[in-house]
Amino acid sequence: MTTSEQTRGTDAAERNPSERNGARMEPLARLPVFFALAGRRVVLAGGSDAAAWKAELLSASGAEVALYAADPCPDLLALIATPPGGPIRHISRDWTPDDLRGAALAIGDFPDDDDAARFAAAARAAGVPVNVIDKPDFCDFAFGAIVNRSPLVIGISTDGAAPVFGQAVRAKIEAVIPRGFRAWADAARSWRPSVAALGLSYHGRRRFWERFTARALAAPDIEPALALRESLLAGAESERTGIEKGSVTLVGAGPGDPELLTLKAVRVLQAADVVLYDDLIAPAILDVARREAKKMLVGKTGYRPSCKQDDINALMISLARQGKRVVRLKGGDPMIFGRAGEEIAAARAASLAVEVVPGISAGQGAASRMAVSLTHRDHARRLQFITAHARDGKLPRDLHWAALADPAATTVVYMPQRTWAELADKAMSAGLDPVTPAIAIFSATRPEERQVFATVGTLAPALEDAVKAGAEGPCLILFGHALGEADAREQALEDALTDEALACVTLADRTATA
């Protein structure tokens with residue numbers, strides 16, 4: 001449901017758009033950092049198989065590994081002979097504190113805690129970050145699971161809590177990160193000096209790399225060719241002296257669950273300079289946006305203080321004329337009761353580029369949560385969306401009552417809370433059967449979602465009771481015989497729970513009698 005664009009009632013006060021600070025970074029168990037080790041000495045103490053894996057990682061990173069081990073395992077001996085990157089120099093004795101001086105890192109493998117503590121203390125005294133394998137209490141840093149598309153490298157850490165879980169996450173990421181990204185990341189590194197030489201503005205550089213990234217995502221397994229490099233550079237050069245052109249994109253945020261955002265919505269949010277959003281946009285959805293983007297609340301909320309639509313349009317246009325990429329973030333789908341038409345017209349009148357990224361509507365979200373088909377072939381020939389909220393905050397005067405009374409239709413009612421009782425009465429007067437299944441759903445797809453099952457004739461008091469009981473958030477009402485499928489499942493569940501409770505009582509009575 002496009003809750004962000006609920007039309008204001010006549011009693012709603014006005015307010016001005018305001019900038020809101022984004023959510024602060026939540027606590028981190030570890031700071032993810034990437035050490036540049038090429039040509040730097042790293043001390044590795046220990047000769048076990050675990051030490052061999054660390055030696056391979058360090059050498060692959062270009063480090064010059066100083067291995068202190070009296071009796072290295074066969075894997076270590078093989079690595080010493082053919083290192084994957086930097087050299088591994090074997091010193092056939094135990095380490096000493098002097099060996100740690102000037103090292104970039106120190107890694108040790110010690111089964112005994114006293115030996116581990118002595119190594120960690122010596123490394124810290126020498127000012128060297130230390131890791132003791134499988135002993136987090138002695139570590140300044142940790143090794144995580146790695147997805148290697150170098151120079152694209154992804155590290156995964158569970159802070160030692162669940163290494164197997166970390167490996168499972170790594171496997172998931174491996175499955176979705178094409179191996180061809182290695183070539184694209186390498187091309188980005190080699191092309192960067194040429195991009196810098198153009199002297200582009202910040203926005204110009206971002207546009208270049210966004211186009212580069214779009215090509216990489218579209219064809220990850222096709223190696224970037226010199227012709228593409230020249231084409232992208234030529235495009236950036238032609239724009240270098242031009243006026244920065246902003247844009248407006250209307251993005252559907254879906255009904256609330258951030259996992260229901262489309263891939264395109266995520267890409268647009270992560271490229272935004274400014275996000276204009278409404279009160280009922282879930283914080284988790286705002287977190288998807290680029291961290292550096294300015295996020296501005298332009299609160300559109302039914303029956304409460306709201307920004308005027310003209311003010312929102314003016315702000316949107318002003319920001320875009322400054323060369324910024326403006327995202328107008330709306331709940332549900334912006335083209336369904338989202339006042340998108342007014343904002344599109346305003347952008348076009350200002351000669352601004354405007355695009356729409358659709359979102360999952362609240363009606364779709366509600367249906368998915370109830371696992372019911374709104375167009376069930378046995379019950380519905382038509383699906384209709386209506387709003388129960390006119391410009392003056394009252395029930396619209398031009399609703400098609402015969403269509404609403406059609407027993408073969410499923411109707412989704414947006415913004416219904418204050419006008420549902422009147423709507424239901426008039427629809428029943430037009431012939432709608434009072435026992436037609438009706439469902440109200442609050443905060444569809446969100447953790448606080450609340451469903452109210454009733455009929456058209458009984459939903460109004462049930463709706464009031466739900467609000468008194470704490471149901472809140474955007475509300476949607478659906479009615480039609482197709483909804484009977486969901487109602488039947490709900491009743492079956494209630495009956496099953498009642499039968500189970502009665503069985504427990506009966507068993508308790510029998511036990512007490514015995």
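In what follows, residues are counted from 1 in the order of the sequence shown.
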Got [X] and [Y] here, is their nearest side-chain heavy-atom distance under 4.5 Å?
| X | Y | value |
| --- | --- | --- |
| S443 | P474 | yes |
| Q364 | S368 | no |
| L319 | L276 | yes |
| W401 | L423 | yes |

Look only at the side chain of [X] and the backbone of [Y], and say whether a donor-acceptor pair between them is shorter than 3.5 Å.
| X | Y | answer |
| --- | --- | --- |
| S429 | D425 | yes |
| T419 | A388 | yes |
| E449 | T445 | yes |
| E342 | R339 | no |
| R205 | L200 | yes |
| T387 | M415 | no |
| R290 | A272 | yes |
| Q384 | A403 | yes |

Taking NZ, NE, NH1 and NH2 as the nitrogens, is one of them in K330 or E343 under 4.0 Å from a carboxylate oxygen of the other?
->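 The answer is yes: the pair qualifies as a salt bridge.
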
Is E355 salt-bridged to R328, going by a charged N under 4.0 Å from an acidic O?
-> no

After noting the C-alpha distance and the side-chain angles of L395 and K426, does the key distance pass the side-chain contact (heavy atoms from CB on, under 4.5 Å) rule?
-> CA-CA 11 Å; L395 188 68; K426 289 187 174 182; 4.2 Å; yes

Results of side-chain contact (heavy atoms from CB on, under 4.5 Å) for V164 - residues two or more places apart only | none

Please list, chain by chain and in numerical order, all residues satisfying side-chain contact (heavy atoms from CB on, under 4.5 Å) with S150, sequence neighbours excluded.
->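 side-chain contact (heavy atoms from CB on, under 4.5 Å) list for S150, sorted by chain: N148, V153, R182.
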
Centroid-to-centroid, Y414 to F385, below 6.0 Å?
-> yes

Shortest non-hydrogen contact from L374 to A482?
->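 Heavy-atom minimum between the residues: O-CB, 4.0 Å.
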
May I ask you to decide if the ring planes of F208 and F212 are parallel, tilted or perpendicular, using 30° and 60° as cut-offs?
-> parallel

